[in-house]
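Written below as structure tokens is the structure these notes are about.
Quantities reported herein were computed from a predicted structural model and do not represent experimental measurements.
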Amino acid sequence: MDLLYFAHVRENIGCSSEQISLPDNISDVSGLINHLRAKGINYQSAFENEDIIRVAVNQLYVNFDHVISEKDEIAFFPPMTGG
Amino acid sequence: MDLLYFAHVRENIGCSSEQISLPDNISDVSGLINHLRAKGINYQSAFENEDIIRVAVNQLYVNFDHVISEKDEIAFFPPMTGG
Amino acid sequence: MMKVLVQEQDFNIAAEIADIVSKRTDIGGIVTFTGLVRDFHGSNKIQKMTLEHFPGMAEKQLEAICKTAQERWPLLGGTVIHRYGPLNPGDQIVLVITLSAHREAAFDAASFIMDWLKTDAPFWKKEETLSGTHWVSAKDADTLKAEKWQK
Amino acid sequence: MMKVLVQEQDFNIAAEIADIVSKRTDIGGIVTFTGLVRDFHGSNKIQKMTLEHFPGMAEKQLEAICKTAQERWPLLGGTVIHRYGPLNPGDQIVLVITLSAHREAAFDAASFIMDWLKTDAPFWKKEETLSGTHWVSAKDADTLKAEKWQK
């Protein structure tokens, strides 16, 4: 699956996008975040405070309990500050 | 005193400004309107419906009971439709 | 301070914004309202319009409205231009610009100025339609809009 | 229909208005909001700003916000332009234009679009100050402003 990172999430992780295989036991966004945290200290720091993490699946905002699949594009970023 | 007329008041009376002497027995805008009505049918028609007459004395909006004097500039016009 | 102009000639919004914003870096938001002559008023097709005004008092009233807006909202400046004379459908009538550090103040002040301008600025519209010319009558709706700000 | 642009280059408000208004005579009011980079954020003097965005999703979100505004108010058109990339104090960030027969709809729709854009458009501001760079955090105030329209 495609993962995209923006703003401080991108800076903490150290890359703007990557491809991973979704493990069979992971079914939702929350599970994916936990899986990513296990990849290293940079991910732990990016996802440290879930209150300031927003997620879009295939460019639509979703909650952390949103069900995901291998074909999805998942984007993580902080609350928006447009305008 | 100077009298100014705008919009349909001006058109009904047939002039945009005139000078008159304020009779001694007239002390407010209401009195002036009655005095003007006596001047002819054009004034009667201009001041027929007082609900749609607005008045400014020396370029400030006032009510019909506003006290006036010989030195005042009095303007009569319909409700404003600016903007 | 706000700039007030009562003029017969047309205006250019970009030039008016540049005139008051140019080089300033303390402004967060600019709100503008431009009023245009519409070709329909109710079911009457408008061919032309003439705007009559009370010279001198018009400027004074616009300045008073701007002063009230500046006392009420933290404005960093602004402009009000109101035209008079003959106008055609599509022509610009009025321009209000408000500058503020924050967008809400700029929106509210511009809306306030427009509402008061409809009921308190000494301008009168005469419309020319196929069935003759007539003076536009003041709308109760506009009086109510102006009064809402007194709350 | 409204026009949505997400672009790095600057915009010209007069050209953008002309592009959607030109020759039309059914429009009574045009409201615009222009957002600028301020040189202060709280007590921090801002030297530069960078706007990061989510390409593709940004356009989609702006279009969705415009669609909602058009369903809610009788708009005759409009434009939303949001810039990204490096910006300096005084630079234009965002432009919203709304056209309507009546001024109130144009004001409310422009204000609505701005409120939602602050909280729902995938853009992130990074400020460069004398004490270093930092990402601007979302304001609770903006979330409340966006929520007020759900009433």
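Contact count against chain C (heavy-atom pairs under 4.5 Å) is highest for B:P78 among B:A56, B:A75, B:P79, B:P78.
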Considering only heavy-atom distances, could you tabulate the donor-acceptor pairs under 3.5 Å between chain B and chain C?
residue, atom, partner, partner atom, Å
B:A7, N, C:E52, OE2, 2.8
B:R10, NE, C:E52, OE1, 3.3
B:R10, NE, C:E52, OE2, 3.0
B:R10, NH2, C:E52, OE1, 2.4
B:E11, OE1, C:K126, NZ, 3.4
B:E11, OE1, C:W135, NE1, 2.7
B:E11, OE2, C:K126, NZ, 2.2
B:Q59, OE1, C:M57, N, 3.3
B:Q59, OE1, C:K60, NZ, 3.1
B:Y61, OH, C:D120, O, 2.5
B:P78, O, C:W124, NE1, 2.8
B:T81, N, C:F123, O, 2.8
B:T81, OG1, C:K125, N, 3.0
B:G83, N, C:H82, NE2, 2.9
B:G83, O, C:K125, NZ, 2.8

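Only the side chain of B:L4 comes within contact range of chain C, with heavy atoms under 4.5 Å apart.
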